[in-house]
Amino acid sequence: MTSDAPETKSLNFIEEIMEADLASGKHGGRIQTRFPPEPNGYLHIGHAKAICIDFGMAARFGGKCNLRMDDTNPCTEDVEYVDSIQEDVRWLGFDWAGEYYASDYFPLLYDYAEYLIQQGKAYVCDLNEAEIREYRGNFHTPGRPSPYRDRSASENLDLFRRMRAGEFPDGSRVLRAKIDVQHPNMNLRDPLMYRIRRAHHHRTGDAWCIYPMYDYAHGVSDALETITHSICTLEFEDHRPLYDWFLEQDVDARFFQRPLPRQIEFARLNLTHTVMSKRRLLQLVQEGIVAGWDDPRMPTICGLRRRGYTPEAIRSFAERVGVAKRDMVAEVGLLESCIREDLEANALRRMAVIRPLKLTITNMAEAEAFEVELANHPDRPELGTRKVPFSNTLWIEQDDFREEAPKKWFRLAPGAEVRLRGAALVRCEEVVKDAAGNVVELRCTWDPASKGGNAPDGRKVKGTLHWVNAATAVEAEVRLYEPLFPAEDPMDVPEGQDWHQGINPGSLERVKAKLEPSLAGAEVGQRFQFERMGYFAVDPDSRPGAPVFNRTVSLKDSWAKIEAKG
RNA sequence: UGGGGAGUGGUCUAACGGUAGGACAACAGAUUCUGGUUCUGUCAGGUGAGGGUUCGAAUCCUUCCUCCCCAACCA
């Protein structure tokens, strides 16, 4: 009997809303969502959560999800970003039903604006930026009406058409919604709908010199795409009345199909040891603190991809953090546990020595060299095996030898015997040091009867080490990463300090490693488990004969815990 | 001090008036040719606080406290 138990997984609050809407037939059984990024930066893990929600929920209820570029501000946006966004969404495993751009709606947006003007719901205001701010008041003082608030509809229409025609200089006039200058919700104090900006737009070129603002464009775009559930993050919660207002002014449904879309807000993702704001991420890149948007230390989708994360792991993470309305900070440990789970099941095993220490087997002749056949995965024989050469001259991990063995030490030490994985048992007979006293070589003897790794007499050998044959080793650069921010909350800095001071200068370490020969042809993007060391992915910086690996995540290290406790 | 939200183990999340459950983390043990994996078990919240309604409250009412968001011609 297969155990596909009736999964009664509880619904999150958005799914509950959708289910209720489906049950009531509100949208005729239709679910339509959208993922609306602004193409002014690269997507990060926080967007991944949103993507999983927007696409995932639509899929769950048999609906569709659009990809819409929220490109209403040409000053900050660029095609470079739309390309990367599309690549990232696809890589995450999602397909959009429709590909749209808010800029596609510029003509419609313009028409609706004229309509609002004609209805007396919008006016052209000649106040400058500072004056508008001053007239708007603040939390404690109500706003005052703009002196231009009561212009006639015909004057407004004329002015607005001339704004569009380019008769006025940038910033000289704006179109404003006429709502309530005293409203306790600042968003409703006659918000701006259009500004004059002679900027080249990546899609519409120079066709427009006026551009709509987010609050106006977003809801209208949703309505035009007949979005049913417009899911966004919490900070837009008090924009919702405005979202609704703009759409509801279409009193006789000339522009938008009913029922109108409904905006629903959820808590954005935060991650420990990470900054997530686009602004700070941009700073990290521009200030050269990281190598680029796809630096493996970045929480960007492309950074995680380069680091070796899989789409499955990221989706699993999004699933596990859940969807709710309370501010949340997920532990990076959860993300790591997701990628470990995926790679544990799927990554091929290989041996690689990260910090090499020479080991010589003194009682083995060169001619006695042999090959061992090792499984590519301990639990999945169907993944096959590969041959690994073994001889009397090897590399082992520096960390696997201690001149003075602590308690519970299973690894190599003077006089100790360990297993070299799949090959043989060796005993450390002599420690060779350089002039400075550093251990440079271990001289060992092997038990020829243990060939293959098992003691013929059944003696217990607790430690098993990975190794690489010196003569056939592939040299590679391995990049080891630590969090960019040692502190859980990078923004929690002492008085008068900047978050930059919390940056870990040692977050990247490059080492020269020795790999088993089968890794020679590894292709960019391939992921492996280097046994006992962690999961590693081939970096695009790799060149023929000079592979570069990124450590995605280490293996859990219970020895480190034991030792830490003393 | 205006408006809008939110408070459940260390973290995230469930419960929809009826035994506070799960995941991650942590701890202990077993297995293991990866100190990985796997398995078993343990730990840990009376639900921000007080009051009320009720046979029964995380869920309902009430007062208070704390935290987050909002005063761009950004999104």
Side-chain angles (χ1 to χ4, degrees), chain A residues 9-12 16 36-38 40 70-73 75-77 125 127-129 132-133 136-143 170-176 183-189 192-197 211 213-215 217-218 232-241 265 267 269 272 278-279 317 319-338 340-341 344-345 349 351 374-375 378-379 408-411 418-423 425 452-454 461-466 488 529-534 554-563:
Chain A
K9 189 184 166 287
S10 58
L11 302 177
N12 65 52
E16 280 177 358
E38 183 190 11
N40 70 344
D70 218 335
D71 55 352
T72 57
N73 183 6
C75 299
T76 58
E77 296 153 7
C125 180
L127 257 22
N128 66 34
E129 194 172 343
I132 287 177
R133 189 164 37 242
R136 186 158 39 215
N138 56 40
F139 299 153
H140 313 294
T141 63
D170 286 9
S172 62
R173 286 182 162 87
V174 293
L175 183 71
R176 292 231 249 169
H183 199 102
N185 179 347
M186 301 281 298
N187 292 121
L188 300 184
R189 318 247 266 225
L192 273 57
M193 293 172 62
Y194 272 95
R195 72 282 218 193
I196 304 173
R197 204 106 116 185
Y211 291 96
M213 302 289 291
Y214 166 85
D215 285 305
H218 200 90
C232 64
T233 43
L234 249 28
E235 67 271 27
F236 293 101
E237 207 149 19
D238 48 17
H239 291 235
R240 193 169 63 227
E265 312 84 11
L269 173 73
T272 57
K278 266 187 195 175
R279 195 184 115 248
F317 173 70
E319 187 64 39
R320 293 194 213 187
V321 294
V323 182
K325 293 197 72 155
R326 44 198 293 228
D327 295 321
M328 54 93 77
V329 186
E331 292 175 337
V332 260
L334 181 61
L335 217 210
E336 292 178 342
S337 119
C338 291
R340 281 198 190 100
E341 181 180 85
E344 157 60 29
R349 310 294 135 114
M351 291 199 290
L374 295 176
D379 308 317
K408 293 191 193 158
W409 178 257
F410 302 158
R411 285 119 96 149
V418 297
R419 172 168 34 244
L420 295 179
R421 169 133 239 226
L425 266 26
N454 284 312
V461 180
K462 284 281 264 183
T464 299
L465 312 186
H466 60 283
E488 270 206 357
Q529 183 195 99
F530 290 173
E531 292 206 34
R532 303 207 308 134
M533 300 309 287
S554 64
L555 252 30
K556 280 202 227 163
D557 187 353
S558 60
W559 164 248
K561 280 185 193 171
I562 294 169
E563 188 166 42

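The sequence lines fix the lettering, A, B, ..., with proteins before strands; numbering per chain opens at 1. A quick note: this is a predicted structure, and the numbers were derived from the prediction, not measured.
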Does A:Lys278 place a side-chain N or O at less than 4.0 Å from the phosphate oxygens OP1/OP2 of B:C74? no
B:G36 OP1/OP2 closer than 4.0 Å to side-chain N/O of A:Ser558: yes
Carboxylate-amine/guanidinium contact A:Glu237 A:Lys325, below 4.0 Å: yes
Counting only Watson-Crick or G-U wobble pairs whose two distances fall under 3.5 Å, which nucleotide matches B:U37? none
Provide the distance between the two C1' atoms, one in B:A28 and one in B:A14, to the nearest whole Å. 28 Å
Which part of the nucleic acid, if any, lies within reach of A:Tyr194 when heavy atoms closer than 4.0 Å are counted: base, sugar-phosphate only, or nothing? nothing
With distance as the sole criterion, do the side chain of A:Arg411 and the base of B:G35 form a donor-acceptor contact below 3.5 Å? yes
Could you give the distance separating B:G46 and B:G10 at their P atoms, to the nearest angstrom? 9 Å
Does the A:Asn185 side chain pair with the main chain of A:Asp238, one donor and one acceptor, at a distance under 3.5 Å? yes
Could you work out the separation of B:G7 and B:C43 based on their C1' atoms and round it to a whole Å? 24 Å
Of the options B:C69, B:A75, B:G36, whose atoms approach the side-chain atoms of A:Thr72 most closely? B:A75
Any side-chain N or O of A:Arg197 less than 4.0 Å from the OP1 or OP2 oxygen of B:C73? no
Can you check whether A:Arg279 has a side-chain N or O nearer than 4.0 Å to OP1 or OP2 of B:A72? no
A:Asn138 side chain: which of B:A71, B:G36, B:G35 is closest? B:A71
Evaluate the ring planes of A:Trp559 and A:Trp409, with Trp represented by its six-membered ring, and classify them as parallel (under 30°), tilted (30 to 60°) or perpendicular (over 60°). perpendicular
Candidates B:C73, B:C24, B:U37 - which lies nearest the side chain of A:Leu334: B:C24
Please classify the glycosidic conformation of B:G46 as syn (within 90° of 0) or anti (everything else). syn
Nearest listed nucleotide, side chain of A:Met213, among B:C68, B:A75, B:A23: B:A75
Pair assignment for B:U19, Watson-Crick or G-U wobble, requiring both distances under 3.5 Å: none
Looking only at atom P, what distance separates B:A72 and B:G52, rounded to whole Å? 46 Å
Report yes if the ring of A:Phe139 lies under 5.5 Å from the six-membered base ring of B:C70 with planes under 30°, and no otherwise. yes
Short side-chain donor-acceptor distance under 3.5 Å, A:Arg421 and A:Thr464: no
A:Arg349 (side chain) and B:U34 (base): donor-acceptor pair under 3.5 Å: yes
Measuring from the side chain of A:Glu331 (C-beta onward, heavy atoms only), which nucleotide among B:G3, B:C73, B:C24 has the closest atom? B:C24
In terms of base orientation, is B:A71 syn or anti, with the syn window spanning 90° either side of 0? anti
Complement of B:C67, any strand, by Watson-Crick or G-U distances under 3.5 angstrom: B:G5
For B:G7, does either OP1 or OP2 sit under 4.0 Å from a side-chain N or O belonging to A:Lys325? no
Tell me yes or no: between the side chains of A:His466 and A:Arg532, is some donor less than 3.5 Å from an acceptor? yes
B:U1 and B:C67, which share atom name P, separated by this distance in whole Å: 11 Å
For the side chain of A:Asn185, starting at C-beta, report the closest nucleotide among B:G35, B:A14, B:G3. B:G3
C1' atoms of B:U47 and B:A6, separation to the nearest Å: 14 Å
Please confirm whether the shortest side-chain N or O distance from A:Arg532 to OP1 or OP2 of B:G35 is below 4.0 Å. yes
Taking atom types as they are modelled, would you say the side chain of A:Glu235 forms a donor-acceptor pair with the base of B:C70 within the 3.5 Å cutoff? no
Does A:Arg136 put a side-chain nitrogen or oxygen below 4.0 Å from OP1 or OP2 of B:C73? yes
Does A:Arg320 put a side-chain nitrogen or oxygen below 4.0 Å from OP1 or OP2 of B:G22? no
Side chain of A:Met186 (C-beta onward), nearest among B:C70, B:A75, B:C73: B:C70
Using OP1 and OP2 only, check whether a side-chain N or O of A:Lys556 sits under 4.0 Å from B:U37. yes
Is there a donor-acceptor pair closer than 3.5 Å between any side-chain N or O of A:Arg176 and the backbone N or O of A:Leu192? no
Return the pairing partner of B:C60 with a 3.5 Å limit on both distances, Watson-Crick or G-U wobble; otherwise return none. B:G52
A:Arg195/A:Glu129 salt bridge by N-O under 4.0 Å criterion: no
State which of B:C70, B:G35, B:C74 makes the closest approach to the side chain of A:Asn73. B:C74
Does B:G45 have a Watson-Crick or wobble mate here (both distances under 3.5 Å), and if so which one? none
Which residue lies toward the 5' end of RNA chain B, A:Met328 or A:Val461, if each is placed at its nearest nucleotide? A:Met328
Considering only the P atoms, how many Å lie between B:C68 and B:G18, rounded to the nearest integer? 34 Å
In terms of side-chain geometry, is the basic nitrogen of A:Lys556 or A:Glu344 positioned less than 4.0 Å from the acidic oxygen of its partner? no
Please tell me which of A:Pro184 and A:Pro378 maps to the more 5' nucleotide of RNA chain B, matching each residue to the nucleotide holding its nearest heavy atom. A:Pro184
Got a donor-acceptor contact below 3.5 angstrom from the A:Thr72 side chain to the A:Met213 backbone? no
Ranking B:C74, B:A14, B:G35 by distance to the side chain of A:Ser10, first place goes to B:A14
Out of B:C73, B:G3, B:C74, which has the shortest distance to the side chain of A:Val174? B:C73
Give me the distance, rounded to whole Å, that separates B:C12 from B:U37 when you measure between the P atoms they each carry. 24 Å
